[in-house]
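Following: one structure in structure tokens, then a few remarks.
Order of the sequence lines sets the chain letters (A, B, ...), proteins ahead of strands, with each chain counted from 1. Below, each value reflects all heavy atoms present in this structure, side chains not excepted, and no hydrogens, waters or symmetry copies.
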Number of protein chains: 2
Amino acid sequence: MKRGKSMRIAILAPIWETVPPPGYGGIELVVSLLADGLVEAGQQPVLFATGDSRSQAPLSWVSPHSLRSQGYSTERILPQAILHVTRVYQQASSFDIIHNHEGGLALSLAPFVKTPTVTTLHGPIDKNNQLFYRSFPGHPFVSLSEAQRRDCPDLNYLATVNNGIDPDLYSIGPKKGYLLFLGRISPEKGTHHAIRAAADAGYPLVIAGKVDPFDRDYFLREISPLIDGSQVRFIGEVGGIKKSLLLQGAMAMLHPVQWPEPFGLVLAEALASGVPVIAIGKGSIPEIIRSGKTGFVVDHPDQLADTVRWLNRIKATDCRNDCLERFHYRAMVKNYLKVYEGMLAQERK
Amino acid sequence: MKRGKSMRIAILAPIWETVPPPGYGGIELVVSLLADGLVEAGQQPVLFATGDSRSQAPLSWVSPHSLRSQGYSTERILPQAILHVTRVYQQASSFDIIHNHEGGLALSLAPFVKTPTVTTLHGPIDKNNQLFYRSFPGHPFVSLSEAQRRDCPDLNYLATVNNGIDPDLYSIGPKKGYLLFLGRISPEKGTHHAIRAAADAGYPLVIAGKVDPFDRDYFLREISPLIDGSQVRFIGEVGGIKKSLLLQGAMAMLHPVQWPEPFGLVLAEALASGVPVIAIGKGSIPEIIRSGKTGFVVDHPDQLADTVRWLNRIKATDCRNDCLERFHYRAMVKNYLKVYEGMLAQERK
């Protein structure tokens, strides 16, 4: 591969959800935009994903449908995942780069082929998996934020590449006077803090998102008693145009996360809709939200309500413009191309 | 490696249980005897297992303790399993043969190293995993019985090698007038059929074994109401010397399996104790029990009780001798050595 010539890039997606996902599935959404964006940029990506995936890039698959839609339990996915990852490595010599979004299986195969692999870390690098990643000391990683590296700064990080979105799916529209909580209803996402903050600020709150089985207790005990259908409304999981309209109408998104989120895709979606974000400054939040310009970053849940009255200082166009500049999928594609080119230059040395 | 020179053999064990296992763990028990037996036979095995394993062979490990003892869920074992299997393949050139008892992960790595891998299939090759194994068409497999191959005869089987036991742990002793059910209490193992057969035959039944969480309903509904403490007794999970004495005292073992068991280690243990086995002829049963000589193989649960009155035709010494001849771990070691030597002869061609 010479500089300027297009690269043959194997994009290894997870197979738990389809690419792009019909509903929930942040990784698959980002991978979808990356594959399409690489085609748009004149590259030669091949997408390894489920057979029902749709992409501008040619598709290669072993699992016809997403494993979640087939009712697989997380225990039973291993054989399918092994076949899926093996398929890429058996054809490794057909590619200049393998870009792994799937997880740990590719790390064990990477040292056995000449084609270099780069792995985007999509989850937190916490005490449960640090030892695992450290066991592959030479493996090249990409982080989603600088914050994601904090607990494990000693990996071989090549770059930080923020997740991207397609801004055409979101637009600035008429505000409808409610605050919005969007995401999984769970203690880590701080749904209960959002409810209190909205009540204290005196505005209605719309809650949208799924309740996972292990969050059901929390939902029944701490959230559902507070849903009154007017000051606090719960509308379940939303996607597509419904999600865009819901975002559009919000005065602000409340994001009182209680864990160090490596990158909150929902924040970029809010900004693209011209909606400021009021968030607690854990993990990557201060890298994503410019406090005072595209929202407010606070230290404690008690401070959330206070910032609501300052929302008139934030301009919707500032939010959207900042998002277009930093979280457009084309910026992500450009950044990944730099990573790939750097690796190939290294190879040639 | 020249014929006659000892082979360097990587034995890849599962890490869910310690080798040998303190209680339940058939694969780990067999792997333990294989590693020790290879040392005894002058070979150079290295055992890749948990750090608290004990073996005559040198040990190599990444997980200090068995994952079950550490409270791992089966979902969370994947990173540990990846490191464990990767460890073997990173050192592949130090070995003449890699003998995989761990499962599917090694299949994906095997094609990338020169050292050949052989995989012993420890479970049934049913519709859930046939497609998976067929995706590695050249990979050499060993089956535990001829029956195990039935649903998937088209894999590259090198041999059938029966599991072995250490006969020194079992001996013929005074019979104590009870029939025995030993194993997991579950519909597939047919515990309820054993209870009915013992009642019909007019002998007491001792039930020993664990009740897994997913079998709890079956136990509470179908088994526990029939436990009266005299005609039907339940004594929980047994191991070590307790198990040997329990086996020794039995008139016969009842084994009314309702699924095609690839190899029932418990049958070899009964025979080594001079105890005949009355079993339903599913899967590997007719290969293990010589009907009329070391027990009785029947087609239907209703026939179990009838055969009890013919037990006086079976000699304890016939049971034990047949076991010593066929299921001694040294026979297993000899058979595996033949497999290894065949593979290396093939390599040299």
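- Of all heavy-atom pairs between B:Leu105 and A:Ile82, the closest is N-CD1, 3.8 Å.
- Contacts between A:Val85 and chain B at a heavy-atom distance below 4.5 Å are absent for every atom of the residue.
- Between A:Leu109 and B:Ser108, the shortest heavy-atom contact is CD2-O, 3.4 Å.
- The parts of A:Tyr89 that come within reach of chain B are both its backbone and its side chain, each placing non-hydrogen atoms under 4.5 angstrom from that chain.
- In this structure, CG in A:Leu131 is found 8.5 Å from CG in B:Leu83, a value given to the nearest 0.5 Å.
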I'd like to know whether B:Phe112 forms a side chain to side chain contact (heavy atoms under 4.5 Å, CB included) with A:Thr86, so could you lay out the CA-CA distance, the side-chain angles of the two residues, the decisive distance to 0.1 Å, and finally the verdict. CA-CA 11 Å; B:Phe112 295 100; A:Thr86 301; 5.5 Å; no
Tell me which donor-acceptor pairs under 3.5 Å the side chains of residues 154-162 of chain B have, and how far apart each pair is, sequence neighbours excluded?
{"residue": "B:Asp154", "atom": "OD1", "partner": "B:Arg134", "partner atom": "NE", "Å": "3.3"}
{"residue": "B:Asp154", "atom": "OD1", "partner": "B:Arg134", "partner atom": "NH2", "Å": "3.1"}
{"residue": "B:Asp154", "atom": "OD2", "partner": "B:Arg134", "partner atom": "NE", "Å": "2.7"}
{"residue": "B:Asn156", "atom": "ND2", "partner": "B:Gly138", "partner atom": "O", "Å": "3.0"}
{"residue": "B:Tyr157", "atom": "OH", "partner": "B:Cys152", "partner atom": "O", "Å": "2.7"}
{"residue": "B:Thr160", "atom": "OG1", "partner": "B:Ser143", "partner atom": "OG", "Å": "2.7"}
{"residue": "B:Thr160", "atom": "OG1", "partner": "B:Glu146", "partner atom": "OE2", "Å": "2.8"}
{"residue": "B:Thr160", "atom": "OG1", "partner": "B:Arg149", "partner atom": "NH2", "Å": "3.3"}
{"residue": "B:Asn162", "atom": "ND2", "partner": "B:Leu144", "partner atom": "O", "Å": "3.0"}

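- Atom NE2 of A:His84 is separated from atom OG of B:Ser135 by 13.5 Å, given to the nearest 0.5 angstrom.
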